[in-house]
Amino acid sequence: MKSFRGVTLETIADPGNMAKARYFAGQRKEKRASVKSFGDEEIKDLIKDVLCMTYHPRKSHDFDRKDRTTGKIRHIISPAFRDQVLHHAIVQVLENSFTSYFHPHSLASLKNRGIEKGRKLVKKWSHTGKRLWVYQADIRKYYDNIDQATLRRKLEKKIPDRRVVELIMRSLGLEQGLGRGSYLSQWLANYFLTDFLHAAARRFRLYRLMIYMDNMTFLARSQRTLERLKAWSVRYLRDEGLEIKLKGPEAAQIYRWEDKRLDAVGYTTSRDGFQRLRGHIYISITRMMNRIEKKGSASRIQARSLLSRFGFVKHSSCRKLEIEMRNFIQIYDLKKVAKAA
């Protein structure tokens, strides 16, 4: 197993790496007092704490937020700006190693991947002339249930410098799980499931698979293959402290794609490749447009939200809604509203 070469405490604490991390951590936050006050002296203090192994995270800002896609309430842990700078510094050193190690169809929070790549993958698979079966599964409370002892062991397999592993674990500021809202947590969440994905692909000879954080989709020509995969995945993840949802509305399911639309990354895709928006996304868009129309103008938040969701629409097969939204954006000049100070 190849290790991550060049990942040392000294490369993370390098002044150039730290300065770059401060820049990226502070993007779009320049007016915040915590960002303004974090200057060269604060960077020097952080570097000293990292090299002397005296670093400890500061108190985070915790709050609850409703996920627009799923409607669920998420507990967000926003680290202090000093800790955000360190998280960026760690990821900058590990990014290339992480990315080359991740499965190519691991999509969440990664450059040039994300929802759009997932949509294109599903579209490509729909053009396959052969009959396909689908296995989809979610991991119950994935972020909260990641076992840190297991995570440490996984990191130690790839990172020779144990000081780096200790710094990563210490920077999380938690005894269990990963905190949503942390830049570093996004990368570690992808990393934790990488062994599982590679093992599943090898063991069952799968190449049509993808994962968006804890939402997994596997395709095969045989229902029996996916039944075996389901039983194996439940055991594999249980050994790592994780649980696949087997009951309720989000329970793991196996079905023939010809009989049911494949629901993934915000779209439902028919076997012929026709891609619709998920129902609740469509409803939320039309409701917001109705509110703006009734009021006669849009707030900056509403404008940014609709422009963001327009990206979903224009990549779908919903041409009527795309035309309607394009005209709506022009009539209410949403691009100008979104840029207003």
Side-chain angles (χ1 to χ4, degrees), residues 28 63-78 107-110 113-123 126 134 136-144 180-181 186 189 210-217 245 248-251 253 260-270 273-340:
R28 296 183 296 276
F63 58 95
D64 292 331
R65 174 182 292 168
K66 187 175 182 179
D67 190 314
R68 291 189 309 178
T69 304
T70 63
K72 297 179 181 178
I73 302 299
R74 306 289 192 188
H75 184 66
I76 307 299
I77 299 176
S78 178
L107 306 177
S109 308
L110 298 175
R113 300 193 189 183
I115 289 174
E116 179 58 12
K117 179 171 181 178
R119 184 194 69 80
K120 288 180 178 178
L121 278 174
V122 177
K123 186 86 169 179
S126 71
V134 181
Q136 290 187 296
D138 289 352
I139 300 174
R140 187 181 303 279
K141 295 184 178 180
Y142 177 52
Y143 266 72
D144 298 333
R180 291 185 183 85
Q186 299 172 10
M210 68 179 185
I211 182 167
Y212 191 87
M213 202 52 70
D214 60 343
N215 303 310
M216 303 179 292
T217 301
K245 297 176 184 177
E250 297 178 337
Q253 55 181 324
K260 181 179 178 181
R261 292 198 297 269
L262 195 161
D263 187 345
V265 292
Y267 300 90
T268 60
T269 306
S270 302
F274 192 89
Q275 293 183 313
R276 301 172 176 85
L277 296 176
R278 281 178 178 164
H280 64 86
I281 296 177
Y282 180 90
I283 291 172
S284 66
I285 289 173
T286 54
R287 283 178 177 174
M288 183 172 290
M289 291 171 64
N290 289 336
R291 287 195 296 269
I292 293 172
E293 193 172 18
K294 185 176 181 180
K295 185 180 176 182
S297 62
S299 68
R300 186 173 63 169
I301 293 176
Q302 287 175 324
R304 289 180 173 179
S305 178
L306 272 184
L307 289 172
S308 173
R309 297 182 187 191
F310 182 61
F312 265 98
V313 175
K314 70 181 182 180
H315 290 126
S316 73
S317 303
C318 304
R319 295 290 166 255
K320 184 177 179 180
L321 179 60
E322 179 188 352
I323 294 171
E324 184 180 350
M325 284 192 74
R326 198 181 295 278
N327 293 334
F328 192 89
I329 290 168
Q330 291 178 350
I331 291 170
Y332 291 94
D333 205 1
L334 296 188
K335 291 183 180 179
K336 182 177 179 181
V337 175
K339 294 179 180 178

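This chain uses plain numbering: 1 for the first residue, then up along the sequence. The analysis underlying the following values was restricted to heavy atoms, covering all of them including side chains, and did not include hydrogens, waters or symmetry mates.
- Scanning all heavy atoms of the two residues, the minimum distance from M213 to A189 falls at SD-CB, 3.5 Å.
- Applying the salt bridge (Lys or Arg N to Asp or Glu O under 4.0 Å) criterion to E322, with sequence neighbours excluded, gives R319, R326.
- No salt bridge links R140 with D214; every basic N to acidic carboxylate O contact stays at or beyond 4.0 Å.
- The two residues L262 and V134 have their closest heavy-atom pair at CD1-CG2, 4.0 Å.
- Closest approach of A298 to Q302, counting heavy atoms only: CA-OE1, 3.5 Å.
- In the model, Q136 has a side-chain atom that pairs as donor or acceptor with a side-chain atom of T217 under 3.5 Å.
- Across all non-hydrogen atoms, the minimal contact from A338 to R304 is O-NE, 3.0 Å.
- Applying the salt bridge (Lys or Arg N to Asp or Glu O under 4.0 Å) test to D138 and every residue at least two apart in sequence or in another chain returns nothing.
- A donor-acceptor pair shorter than 3.5 Å cannot be found between the side chains of R119 and S316.
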>> For a side-chain contact (heavy atoms from CB on, under 4.5 Å) check, start with the C-alpha distance between S317 and K123, then their side-chain angles and the critical distance, and finish with the verdict.
In response: CA-CA 11 Å; S317 303; K123 186 86 169 179; 4.2 Å; yes

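- None of I329, I285, V337 except one satisfies the side-chain contact (heavy atoms from CB on, under 4.5 Å) rule with L306; the exception is I285.
- Across every non-hydrogen atom of V265 and G118, the tightest pair is CG2-C, 4.0 Å.
- Residues F312 and Y267 share a closest heavy-atom pair of O-OH, 2.9 Å.
- Shown here are the salt bridge (Lys or Arg N to Asp or Glu O under 4.0 Å) partners of R291, two or more places apart in sequence or in another chain: there are none.
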